[in-house]
Amino acid sequence: MEAATADTKIAPTRAPRKRRTAEEDERRLARFMISPSLILIAIVAAYPIGYAVWLSFHEYSVRVPGLSRGAGFRNYTNALNDSAFQSAILNTFIFTAASVFFELILGVAMALIMHNATRGKGVLRTIVLVPWAILTVVTAITWQTIFEPQLGFVNTALRGLGLPGGNIVWLGDKPYAMIVLVIADVWKTAPFMALLVLAGMQVIPNDVYDAAKVDGANAWQRFTKITLPLLKPAILVALIFRTLDALRIFDLPFVLTKGTNGTNTLSFEAYQQLRENRLIGLGSAMSILTFLIVMIVSFAYIRFVGGNIRGLADEGGR
Amino acid sequence: MSDGPSPRVVGESRSVNGAFGLLAWVVGLAYFFPVFWMVLNSFKSELDANASPKLFFHPTLDRYRDVTKSTTGLLSFGEAFTNSAVVVLVSTLIVLTLAIPAAYALAIRPVAKWRDVLFFFISTKFLPVVASVLPIWILAKNLNLLNTRMALIILYTGINLPLAVWMLRSFFREIPRELIEAAEIDGAGLKGQLTSIILPMAAPGIAATALLCVIFAWNEFFYAVQLNPVQGSTVPIWVTTNISTRGDFLAKLSAASVLACIPVVLAGWIAQKRMIRGLAMGAIK
């Protein structure tokens, strides 16, 4: 059954079409298995997107609820010329790059530790999940108290140890606010990465390691030459989902900094206009622009990196 | 600890392993510190919790008593936990029921334009949540689903489905094709293949996926507060009712968060046992 390759472009060259009907049946079955999920996604995703697009091309009366008129692209030009929105684009990309990068490193390290620990493996695996299990609002408040300038744990510890930085107003100064934001996000979501990577590690066959052992590969070589390439599919899935969430980050800056000191993000700006300023048209335009930015990033990701998801799995088809 | 047969590389020198294990514990504990801090706060008085950090204080269970007895809000502790449990479990079950066949089709059965299908799945994650709340609220209102568990069940299923499909697909792809073909030759139908090979072999992946869905759904706040502000509302909403604009609330909030975390920790404990590879691939071949 060569035709079982998921990519249909490859399938015909590989498989002689001896049983066309069987293949047709397979295809129909596959479609049948996917469609319930696709329908649900269409309802949950497509409707809000269409609605937001419609809103973004109108402007609304602040005084008379429901009164609106067409605005053409005015909301979009206003959004793009808004300096707060421009800085939000930059901040969002800085935040996403930094947090996803550190989450990946920490997540893989955590997964390795959990995978290789000799004692208390079960406890370790459970404990590590806890930061992720805490509500973001609570996480944000906890970090706020830890980084509080006067009584917070960080500054108290820094001063007590005589280290520099004990007087930094962490959430009130420009580069530091973003640093705290990244720390809080990495701390919270690294377990997500670790869990995905750890699960990926479970499907790596033992004999691959044994063979490498025989060949005299040391631990680092085994990690870079065997573990990492085999983990790539799991890591890629974790990376894209983390990137999508990081690009739309809202709750952390909302609670931690209220978007001040260089921490306003795309979702935060959209929220400001939609909820605080009641500028539905402008806020929707910002949401759709965010939507487009996230879509372009994902598209590029699937095009350039995602090709490897399949390629790897096919080559690795032991 | 029943770790099962250790998949770890054998024959490494003992001291290296010992050092590695120690490192694991140190990192784990450092990482765990903020959680430890939160647990400590939950046993403090509000005065101690908001004072400068100190390790010794007079521990009290009063905060736990405060948060579990329903007072101010309409949402009680018991109600919130029941609602959350129902919403989380039902939505996770639906996600798995929908995602396993879809991921199987995408991974193993020929699906035309699989790349577009995968892309379509993540399109739910492009729009800022704040922008989708209003249309979803209107939709829920028109369908008379406001303040019902059903609204959240549908929503959380939709939110978790993309990740579940993507994850499960990547795990299903790891299963050696020859095993499935062998089962096919032996005359196993689709059901036989699923139950005898695919599900057992991908069990760690499925356990991880289920755990992710549970945690996401358990912690979801934004939609829950908009769609179910009072009735049918969930634990995160209950936790935040302890945040007050007047007076100190850190100790109370900590106690509520600790309680809210317990079910997740339990779920994690159950799932991680399944995540030790059920059927080692090497053993089959």
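Throughout, protein chains are lettered first and strands after them, A, B, ... in sequence-line order, and every chain is numbered starting at 1.
- More than 12 heavy atoms of other residues, nucleotides or ligands lie within 6.0 Å of CZ in Phe223(A), so this atom counts as buried by the packing criterion.
- Heavy atoms closer than 4.5 Å to chain B are found in both the backbone and the side chain of Thr290(A).
- Proximity to chain B involves both the backbone and the side chain of Ile134(A), based on heavy atoms less than 4.5 angstrom apart.
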task = Report the C-alpha distance between Trp187(A) and Val35(B) in whole Å, list the side-chain angles of each, state the deciding distance to 0.1 Å, and finish with yes or no for side-chain contact (heavy atoms from CB on, under 4.5 Å).
result = CA-CA 11 Å; Trp187(A) 181 79; Val35(B) 177; 3.7 Å; yes
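- The minimum heavy-atom distance linking Arg275(A) with Gln226(B) is given by the pair NH1-NE2, 3.5 Å.
- For Ala157(A), no part lies under 4.5 angstrom from a heavy atom of chain B.
- The candidate from Ala30(A), Ala270(A), Ala199(A) with the greatest count of non-hydrogen atom pairs under 4.5 Å with chain B is Ala199(A).
- With a threshold of 4.5 angstrom between heavy atoms, Val53(A) does not approach chain B through any atom at all.
- In terms of heavy-atom proximity, Trp269(B) sits nearest to Val123(A) at CZ3-N, 3.7 Å.
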*asked:* Run Phe254(A) and Val130(B) through side-chain contact (heavy atoms from CB on, under 4.5 Å) and show every step you take.
replied: CA-CA 12 Å; Phe254(A) 182 73; Val130(B) 60; over 6 Å; no
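- Highest contact tally toward chain B, considering only Gly200(A), Ser298(A), Ala52(A), is held by Ser298(A) [criterion: heavy-atom pairs under 4.5 Å].
- Contact annotation for Phe299(A): both backbone and side-chain heavy atoms come within less than 4.5 Å of a heavy atom of chain B.
- Note on Pro36(A), Pro131(A), Gly50(A): by heavy-atom pairs under 4.5 Å with chain B, the leading option is Pro131(A).
- Heavy atoms closer than 4.5 Å to chain A are found in the side chain of Met38(B), but not in its backbone.
- Taking CD1 of Ile146(A) as the start and CH2 of Trp37(B) as the end, the distance is 8.5 Å to the nearest 0.5 Å.
- Side-chain contact check for Leu212(B) versus Leu196(A): some heavy-atom pair is nearer than 4.5 Å.
- In this structure the side chain of Pro128(B) never reaches within 4.5 angstrom of the side chain of Leu266(A), judged on heavy atoms.
- For Phe33(B), the part lying near chain A is the side chain, with the backbone staying farther off; criterion is any non-hydrogen pair under 4.5 Å.
- Residues Ser257(B) and Val138(A) share a closest heavy-atom pair of OG-CG1, 3.1 Å.
- One finds the CD1 atom of Ile240(A) at 4.0 Å from the CH2 atom of Trp166(B) (value rounded to the nearest 0.5 Å).
- Using a 4.5 Å cut-off between heavy atoms, Val95(B) makes no contact with chain A at all.
- In terms of heavy-atom pairs under 4.5 angstrom with chain A, the leader among Pro236(B), Ala103(B), Gly205(B), Ala256(B) is Pro236(B).
- The line from CZ of Phe119(B) to CE of Met295(A) is 5.5 Å long, rounded to the nearest 0.5 Å.
- Proximity of Pro162(B) to Phe241(A): side-chain heavy atoms (C-beta onward) are separated by under 4.5 Å at one or more points.
- Neither the backbone nor the side chain of Ile100(B) has a heavy atom closer than 4.5 Å to any heavy atom of chain A.
- Between chain B and the residues Ser37(A), Ala45(A), Ser267(A), the most heavy-atom pairs under 4.5 angstrom are made by Ser37(A).
- Remark: side-chain polar atoms of Arg248(A) are not paired, donor with acceptor, to backbone N or O of Phe126(B) under 3.5 angstrom.
- Only the side chain of Val239(B) comes within contact range of chain A, judged by heavy atoms closer than 4.5 Å.
- Residues Ile243(B) and Val137(A) form a side-chain contact, since some pair of their non-hydrogen atoms from C-beta on lies under 4.5 Å apart.
- For the atom pair CG of Leu266(B) and OG1 of Thr126(A), the computed distance is 9.5 Å after rounding to the nearest 0.5 Å.
- The side-chain heavy atoms of Thr136(A) and Phe221(B), taken from C-beta on, include no pair separated by under 4.5 Å.
- Only the side chain of Ile215(B) comes within contact range of chain A, judged by heavy atoms closer than 4.5 Å.
- Taken from NZ in Lys188(A) to CG in Asn219(B), the straight-line distance is 5.0 Å, to the nearest 0.5 Å.
- When every heavy atom of Ser170(B) is checked against every heavy atom of Val237(A), the shortest pair comes out as CB-CG2, 4.0 Å.
- Note on residues 119-132 of chain B: pairs passing side-chain hydrogen bond (donor to acceptor under 3.5 Å, both in side chains), not counting sequence neighbours, are Ser132(B)-Tyr223(B).
- Leu139(B) is listed as a side-chain neighbour of Tyr47(A), based on a closest heavy-atom distance under 4.5 Å.
- With values rounded to the nearest 0.5 angstrom, Glu220(B) atom CD is found 9.5 Å from Leu135(A) atom CG.
- Ile154(B) meets the side chain to side chain contact (heavy atoms under 4.5 Å, CB included) test with Leu40(A), Leu145(B), Met150(B); sequence neighbours excluded.
- For Ile185(B), no part sits under 4.5 Å from any heavy atom of chain A, backbone or side chain.
- Heavy-atom minimum distance, Val264(B) versus Ala133(A): CG1-CB, 3.2 Å.
- Of all the heavy atoms in Met33(A) and Pro101(B), the pair that sits closest is CB-O, 3.7 Å.
- Aromatic ring centroids of Trp132(A) and Phe216(B) lie under 6.0 Å apart.
- Between Val165(B) and Ile34(A), every side-chain heavy-atom pair lies at or beyond the 4.5 Å cut-off.
- For the pair Phe32(B)/Val130(A), a side-chain contact is recorded, criterion being any heavy-atom separation below 4.5 Å from C-beta on.
- Proximity to chain B is limited to the side chain of Leu129(A), based on heavy atoms less than 4.5 angstrom apart.
- At a 4.5 Å heavy-atom cutoff, Ile280(A) makes no contact with chain B through either its backbone or its side chain.
- In this structure, the portion of Leu250(B) lying under 4.5 Å from any heavy atom of chain A is its side chain and not its backbone.
- Residue contact with chain B, scored on non-hydrogen atoms closer than 4.5 Å, involves the side chain of Tyr51(A) exclusively.
- For Asp251(A), no part lies under 4.5 angstrom from a heavy atom of chain B.
- For Thr157(B), the parts lying under 4.5 angstrom from a heavy atom of chain A are both the backbone and the side chain.
- Residue contact with chain B, scored on non-hydrogen atoms closer than 4.5 Å, is absent for Ile293(A).
- Looking at Ile49(A), the atoms closer than 4.5 Å to chain B (heavy atoms on both sides) sit in the backbone and in the side chain alike.
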